[in-house]
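Values below: all heavy atoms of this structure, side chains included; hydrogens, waters and symmetry mates excluded. Note on naming: letters A, B, ... go to the chains in the order of the sequence lines (proteins, then strands), and numbering restarts at 1 for each one.
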There are 2 protein chains.
Amino acid sequence: MKRKITLKQIARELEVSISTVSKSLKDSDEISADTKKKVQAFAKLYNYRPNNIALSLKNRKTKNIGVVIPDIVHHFFTTVFRGIEKYANERGYNVVVCVSDESYEKEVFNMELLANGSIDGFIMSVSAQTQQKNDFSHLKEVVEQGFPLVLFDRVIDEIECDKVIMNDEQIAYEATAKMLAEGKKKIALVTTESYFNVSEKRADGYRRALKDFGIKVDENLTLVLPFKGVEESYIDAFVENEVFDAALCVNEIFAVLLMAIVQKKGLRIPEDVSVIGFTDGLLSRYSTPSLTTVAQHGESMGEIAAEMLIEKLENEIGFHEEEVYRTQIVEATLIERGSTINK
Amino acid sequence: MKRKITLKQIARELEVSISTVSKSLKDSDEISADTKKKVQAFAKLYNYRPNNIALSLKNRKTKNIGVVIPDIVHHFFTTVFRGIEKYANERGYNVVVCVSDESYEKEVFNMELLANGSIDGFIMSVSAQTQQKNDFSHLKEVVEQGFPLVLFDRVIDEIECDKVIMNDEQIAYEATAKMLAEGKKKIALVTTESYFNVSEKRADGYRRALKDFGIKVDENLTLVLPFKGVEESYIDAFVENEVFDAALCVNEIFAVLLMAIVQKKGLRIPEDVSVIGFTDGLLSRYSTPSLTTVAQHGESMGEIAAEMLIEKLENEIGFHEEEVYRTQIVEATLIERGSTINK
DNA sequence: CATATCTACGAAAACGGTTTCGTGTTAATA
DNA sequence: TATTAACACGAAACCGTTTTCGTAGATATG
């Protein structure tokens with residue numbers, strides 16, 4: 001085990017002081033050209049690199065970003081993560097990831113772990129259980145402790161911090177309007193339980209579109225599916241009992257499940273039933289027919305979140321300046337594929 | 001900004017020394033019961049937590065694991081990551097992730113960044129470009145520097161370290177044998193370029209099965225697709241020109257693409273063409289028909305990798321003990337779904 | 001009463017850096 | 001020649017812990 005070389009060792013070897021070595025490597029002009037050359041050559045030879053931990057302790061900055069997300073085996077979150085990681089890496093930051101697994105307790109636990117000096121700031125999307133419990137004291141705490149925090153997608157209104165969200169309501173409106181424009185009249189909504197605020201916003205957009213087109217919202221055409229462990233039979237019963245000629249689904253899994261069942265009943269997509277989903281993942285691309293879907297641009301969201309966080313980290317605000325928080329909206333776009341009638 | 005409280009501040013406040021505070025919090029019996037109570041109460045009141053960075057410096061352990069993977073928007077890697085994260089978290093470790101994006105340079109850059117004290121050991125799967133270049137000096141270097149390293153999936157034979165792999169050859173054999181047992185005679189292989197050693201192993205298993213069943217390997221039945229940016233037309237031409245009644249595909253994307261094209265030609269799956277893929281992701285589950293596929297048990301691989309790494313981290317070997325490296329094989333399993341004839 | 005033994009605590013070193021400030025030597029200036 | 005400035009470097013503090021070792025004072029022992 002060849003331990004990494006330290007300033008102290010270089011100093012001893014070259015018979016100079018630690019300060020001289022440190023300054024030489026920083027090319028300080030306090031040090032003579034001769035000495036600098038000697039030290040630099042030696043350091044290069046032994047491949048000296050300053051120890052990050054020591055630097056962190058000295059500077060009170062870790063150059064680490066903490067990312068807390070509900071799930072990682074999940075297309076949207078991984079794209080956001082990629083955006084974060086990419087931007088962070090370019091700026092010399094590392095990313096430490098904790099998965100809350102949709103659990104409130106794990107979220108709290110993870111944040112406490114990270115808040116003990118491991119990171120400089122947080123980027124996160126809160127867990128389902130946290131939204132359900134409606135308890136955000138752990139978020140408030142890290143903010144009070146002075147950690148910059150950026151919330152994305154599943155954000156909390158009552159927490160004051162930077163936020164990155166999607167225009168869920170508007171894009172749901174547009175998606176619904178698109179199907180109405182196709183001539184569809186009875187549009188179903190396939191969604192999750194309402195404590196997910198993004199699902200709620202999508203439902204709002206859906207309803208607004210119907211109203212704008214003079215169609216009454218039929219509550220029977222809303223299918224609420226559990227967040228996890230969807231049984232095919234739920235959808236089956238819905239398709240059996242209700243008549244609809246289009247469907248807006250809040251994620252791509254619901255959409256392809258619905259498509260499969262609809263097709264099994266002998267109905268054609270999109271002629272008999274148009275379908276639009278959310279999340280432009282593999283499923284949307286490779287389903288038959290391919291799925292018209294809302295691209296959430298997760299990577300952009302991630303980049304923006306990272307940018308906001310790093311901006312806060314590197315520009316310490318003055319003593320009397322008021323902290324100012326921004327909310328950035330990333331515009332989702334509708335990707336038209338085979339599950340809708342495209343002209 | 002309420003900075004976290006330190007030992008020094010507690011000591012000043014309570015008019016005792018730093019050592020006394022530290023020992024009190026560790027419930028050392030060097031300290032009188034009275035003093036301990038006082039200190040502990042005060043610490044609890046101010047929610048004292050030792051600073052991780054300082055601990056890292058002192059202990060020369062960060063309790064961080066570095067994970068370097070080629071891609072994160074990828075089902076298999078995310079499942080492995082989940083396994084790593086889960087196990088690591090249980091043992092009090094944090095995980096810092098770097099994505100090499102299949103690039104040799106980024107891989108090297110990331111590893112150097114991490115090796116400067118940010119982490120205690122590596123878990124990684126090498127990038128495509130690294131395999132292609134066949135240059136592993138960066139891996140050798142971190143090993144020489146004393147970092148425990150665990151390689152998974154895309155491993156390198158010439159690097160001495162712990163490894164977690166799948167029985168690719170064997171499961172490909174079994175998958176092929178299954179289709180032969182169905183009575184299929186002309187089995188296609190849809191694979192990637194051969195510098196991916198896992199693809200190569202799968203091809204080996206495929207060939208061995210054919211031989212065992214007395215069928216000659218027909219090189220024309222092997223379709224080599226590029227690693228990224230597959231054009232549908234490649235597959236289209238293949239389906240047009242070759243006659244086959246089954247196909248083994250090295251990933252699920254190839255499999256669903258093939259299924260779609262085969263079905264478009266009016267052939268039925270699995271009656272006319274059986275298809276088996278690799279990776280039990282969303283696509284396999286939700287395609288029509290659902291795809292018979294090889295489940296790689298990424299989560300287990302991740303857990304095992306993390307376990308191996310942490311074992312090495314926590315059991316420093318004695319001075320003269322020989323370092324011993326293990327290679328664990330995670331048995332893949334075949335999940336039978338609609339794209340094969342199941343009895 | 002002198003000495004030995006606890007008890008309860010503090011000083012200081014160490015982890016690996018950065019940075020401020022002080023100082024001995026040499027060169028420039030009056 | 002005496003004074004000053006410039007140069008080149010080292011000592012030490014600091015970041016926040018842990019831990020070893022030393023010791024003052026109290027108590028026990030002979």
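Put simply, NZ on Lys38(A) is 12 Å from C1' on dA8(D), counting in whole angstrom units. Between the C1' atom of dC9(D) and the CG atom of Asp29(A) lies a distance of 13 Å, rounded to the nearest Å. Remark: C1' of dA12(C) and NZ of Lys8(B) are 14 Å apart, rounded to the nearest angstrom. A straight line from NZ of Lys36(B) to C1' of dC9(C) spans 13 Å, rounded to a whole angstrom. Remark: P of dC15(C) and CD1 of Ile5(A) are 15 Å apart, rounded to the nearest angstrom. As a whole-Å value, the separation of Ile18(B) CD1 from dT17(D) P is 9 Å. Atom OH of Tyr48(B) and atom P of dG16(D) are 10 Å apart (whole Å). With rounding to whole Å, Lys61(A) atom NZ is found 16 Å from dT18(C) atom P.
In the set dC15(D), dG17(C), dG10(D), the nucleotide with an atom closest to the side chain of Pro50(A) is dG17(C). With dT20(C), dA11(D), dG17(C) as the choices, the nucleotide that has an atom nearest any side-chain atom of Ser17(A) turns out to be dA11(D). Among the nucleotides dT17(D), dC9(D), dT18(C), the one closest to the side chain of Leu7(B) is dT17(D). Closest contact between the side chain of Val16(B) and the listed nucleotides dC21(C), dG16(D), dG10(C) involves dG10(C). For Ser32(A), the listed nucleotide lying nearest its side chain is dC9(D); candidates were dT18(C), dC15(C), dC9(D). Nearest nucleotide to the Glu30(A) side chain, out of dG17(C), dC21(C), dG16(D): dC21(C).
With the nearest nucleotide of DNA chain C identified for both Thr20(B) and Leu57(A), Thr20(B) has the one nearer the 5' end. Comparing Ile31(B) and Asn51(A) along DNA chain C, the residue whose closest nucleotide (by nearest heavy atom) sits nearer the 5' end is Ile31(B).
In plain terms, the two heavy atoms of Leu14(A) and Phe42(A) that are nearest each other are CD1-CD1, 3.5 Å.
Side-chain atoms of Asp153(B) and Ser125(B) form no donor-acceptor pair, as typed in the model, at a separation below 3.5 Å. No side-chain N or O of Ser103(B) forms a donor-acceptor pair with one of Ser100(B) less than 3.5 Å apart. A side-chain donor from one of Tyr104(B) and Asp135(B) sits under 3.5 Å from a side-chain acceptor of the other. Side-chain atoms of Thr130(A) and Ser127(A) form a donor-acceptor pair, as typed in the model, at a separation below 3.5 Å.
Interface remark: the Ser19(B) side chain does form a donor-acceptor pair with the dA11(C) base, using a distance-only criterion of under 3.5 Å. Evaluation of atom-type donor-acceptor distances gives a pair under 3.5 Å for the side chain of Lys23(B) against the base of dT20(D). With hydrogens and angles ignored, no donor-acceptor pair closer than 3.5 Å exists between the side chain of Lys58(B) and the base of dT17(D).
Looking at heavy-atom distances under 4.0 Å, Thr35(A) makes contact with sugar-phosphate atoms alone, never a base. Within the nucleic acid shown, Ser22(B) comes within 4.0 Å of at least one base atom, counting heavy atoms only.
Between the side chain of Arg154(B) and the main chain of Val126(B), a donor-acceptor pair closer than 3.5 Å is present.
Remark: Arg60(B) is in phosphate contact with dG16(C), judged by side-chain N or O atoms under 4.0 Å from OP1 or OP2.
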